[in-house]
Amino acid sequence: MATQPQVITCKAAVAWEPNKPLVIEDVQVAPPQAGEVRVKVLFTALCHTDAYTWSGKDPEGLFPCILGHEAAGIVESVGEGVTEVQPGDHVIPCYQAECRECKFCKSGKTNLCGKVRLATGVGVMLNDRKSRFSINGKPIYHFMGTSTFSQYTVVHDVSVAKIDPQAPLDKVCLLGCGVPTGLGAVWNTAKVEPGSIVAVFGLGTVGLAVAEGAKASGASRIIGIDIDSKKFDRAKSFGVTEFINPKDHEKPIQQVIVDLTDGGVDYSFECIGNVSVMRAALECCHKGWGTSVIVGVAASGQEISTRPFQLVTGRVWKGTAFGGFKSRSQVPWLVDKYMKKEIKVDEYVTHNMTLADINKAFDLMHDGGCLRVVLDMHFYSSAHALCKLLLPSITRPSSKVCLCLALFPKATLTEAVVIDVTK
């Protein structure tokens, strides 16, 4: 008879309240129930959506919670009725579910899924409307159905994509959100054709993925718009052919683009989440056929506006979620494309850190030079265990520090590890 999964105690970064530093806590993670999967999260990246909820501006934000939604790991255990993944499988948790049974999934018109949204939207699991996370009996809310800032998490089986076990998890974790969102906005939502002129507003991870997707689609001009001119050199390697800084012009940016493109672009993509920029992105499109795709998520309560004549004269305004990709079906396909070197992933990773440094990592994320920070979720635990094994025989504190640095060259908390195991 199979051993029943037990509660796991592990490290997690907990957001106790908005705008307060995340705290590394010992969290109890309950076993998966029917239709659920418990995943050992090995690597997770930071995304601006995490920061948005953490800021308190998200109307669905609940505290205390465990944030995180862009990750990769290994299935630790599964609940009753789970058949498509099993312990040991390499997976990417997906905030965009795919049940293949609901009205949305069967429509063939959208990648949205309605099966678990009522539960994930309020930070709980569908089966019993409760959380699988707790600290000394106090429930901790889930986030986006993923909560990857924990070394172990529980997700619905319709929200986990099984991937090639040869894929490096510290890289393909990015295929859980930002990169697919940008690529899919081009390939699935806009369906950019060869020869098109494209404008990309915002040259962060998502904007660069849009540029990459547009280049792959054969766009003839890819115009990058950002208020940080230092981003242009890097953007060129993703396909951007021209750069405009709105601060360099007195005219509205949409007029600048219209003047540069003989009437406007064929496609524009707003990758910031600013409603004023969304308007500019629409109005820089060509009369008669221009399409603008809203990719960025605006703050709660914000509304978009334009003159109706902009739409009457043929422009189209669209939105996209997860780039229109169906998670369980197409994330493995994206991983395969990465393994064949058909899409970039490594190039988006600008920093590698550990769970213990998550607050510092968020500070870096807001720096214009940072695209994605990837956290090694188990580095601290591994370092702690090995140092505990090797250090007792060493008496000089300086030697202990040197040993840890030699064993773990990317450690930033070496002295804390040494103190913790020898106090």
Side-chain angles (χ1 to χ4, degrees), residues 37-47 68-78 82-98 111 144-184 186-188 205-206 208-209 212-213 216 237-238 322-355 361 371-379 381-382 410:
V37 179
R38 188 160 61 183
V39 177
K40 181 178 183 179
V41 180
L42 295 182
F43 296 94
T44 189
L46 309 188
C47 174
H69 65 284
E70 191 173 278
I74 299 174
V75 174
E76 179 272 335
S77 58
V78 300
V82 176
T83 59
E84 294 201 15
V85 295
Q86 60 186 1
D89 284 345
H90 288 211
V91 294
I92 292 178
C94 300
Y95 71 88
Q96 186 63 259
E98 182 192 352
N111 67 325
M144 294 181 71
T146 51
S147 290
T148 62
F149 292 168
S150 173
Q151 292 178 324
Y152 288 84
T153 189
V154 177
V155 301
H156 297 98
D157 62 348
V158 297
S159 301
V160 63
K162 180 180 175 180
I163 64 169
D164 181 353
Q166 299 302 314
L169 299 182
D170 60 331
K171 300 298 190 297
V172 297
C173 60
L174 269 62
L175 296 177
C177 181
V179 174
T181 297
L183 294 175
V186 177
W187 296 344
N188 303 322
T205 296
V206 176
L208 293 178
E212 181 187 354
S237 68
F238 288 86
F322 196 52
F325 283 117
K326 285 184 172 290
S327 56
R328 290 199 293 156
S329 300
Q330 293 183 290
V331 166
W333 174 75
L334 287 169
V335 171
D336 291 343
K337 286 183 75 66
Y338 163 72
M339 295 295 284
K340 296 173 184 176
K341 302 187 184 304
E342 294 175 358
I343 60 172
K344 297 178 186 292
V345 173
D346 300 27
E347 292 83 352
Y348 295 93
V349 180
T350 54
H351 299 78
N352 291 276
M353 302 179 77
T354 69
L355 176 61
L371 291 178
R372 278 297 193 261
V373 182
V374 173
L375 303 181
D376 183 334
M377 293 296 290
H378 291 265
F379 172 78
S381 299
S382 301
K410 64 179 179 178

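Hydrogens, waters and symmetry mates play no part in the numbers below; they use all other heavy atoms, side chains included. Computed from a predicted model, the values in this text were never measured in an experiment.
- Legend: residues meeting side-chain hydrogen bond (donor to acceptor under 3.5 Å, both in side chains) with Ser147, ordered by chain and number and at least two apart, are absent.
- You'll find the side chain of His378 reaches within 4.5 Å of the side chain of Lys40, heavy atoms only.
- Not a single salt bridge (charged side-chain N to carboxylate O under 4.0 Å, His left out) links Glu212 to another residue, sequence neighbours left out.
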Name the atoms and distances for all side-chain donor-acceptor pairs under 3.5 Å in residues 334-344, with sequence neighbours left out.
unit_1 : atom_1 : unit_2 : atom_2 : d
Lys337 : NZ     : Glu342 : OE1    : 3.0
Tyr338 : OH     : Asp346 : OD1    : 2.6

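- With a 4.5 Å cut-off on side-chain heavy atoms, Val41 and Phe149 do not count as touching.
- The side-chain heavy atoms of Val374 and His351, taken from C-beta on, include no pair separated by under 4.5 Å.
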Full working for side-chain contact (heavy atoms from CB on, under 4.5 Å) between Val206 and Leu208: CA-CA 5 Å; Val206 176; Leu208 293 178; over 6 Å; no
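- Ring geometry for Trp333 against Phe325 counts as tilted: the plane angle lies between 30° and 60°, on a 0 to 90° scale.
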Derivation of the side-chain contact (heavy atoms from CB on, under 4.5 Å) call for Leu375 and Thr354: CA-CA 5 Å; Leu375 303 181; Thr354 69; 6.0 Å; no
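- Using a 4.5 Å heavy-atom threshold, the side chains of Phe43 and Asp376 count as touching.
- Checked against the 6.0 Å centroid criterion, the rings of Tyr348 and Phe238 qualify as a close aromatic pair.
- Glu98 places a side-chain heavy atom less than 4.5 Å from the side chain of Ser329.
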Just list the side-chain donor-acceptor pairs under 3.5 Å for residues 157-176, sequence neighbours left out, or say none.
unit_1 : atom_1 : unit_2 : atom_2 : d
Asp164 : OD1    : Gln166 : N      : 2.8

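- At least one side-chain heavy atom of Leu42 sits less than 4.5 Å from a side-chain heavy atom of Ile74.
- Residues Val75 and Gln86 have side chains not in contact (no heavy-atom distance under 4.5 Å, counting atoms from C-beta outward).
- Side chain of Thr146 to backbone of Pro93: no donor-acceptor contact under 3.5 angstrom is found.
- Listed by chain and number, the residues in a side-chain hydrogen bond (donor to acceptor under 3.5 Å, both in side chains) with His69 are Asp50 (sequence neighbours excluded).
- A salt bridge (charged side-chain N to carboxylate O under 4.0 Å, His left out) check over residues 68-77, counting only residues at least two apart or in different chains, returns the pairs Arg38-Glu76, Glu70-Arg372.
- Within the 4.5 Å cutoff, the side chain of Val85 has heavy atoms near those of the Val78 side chain.
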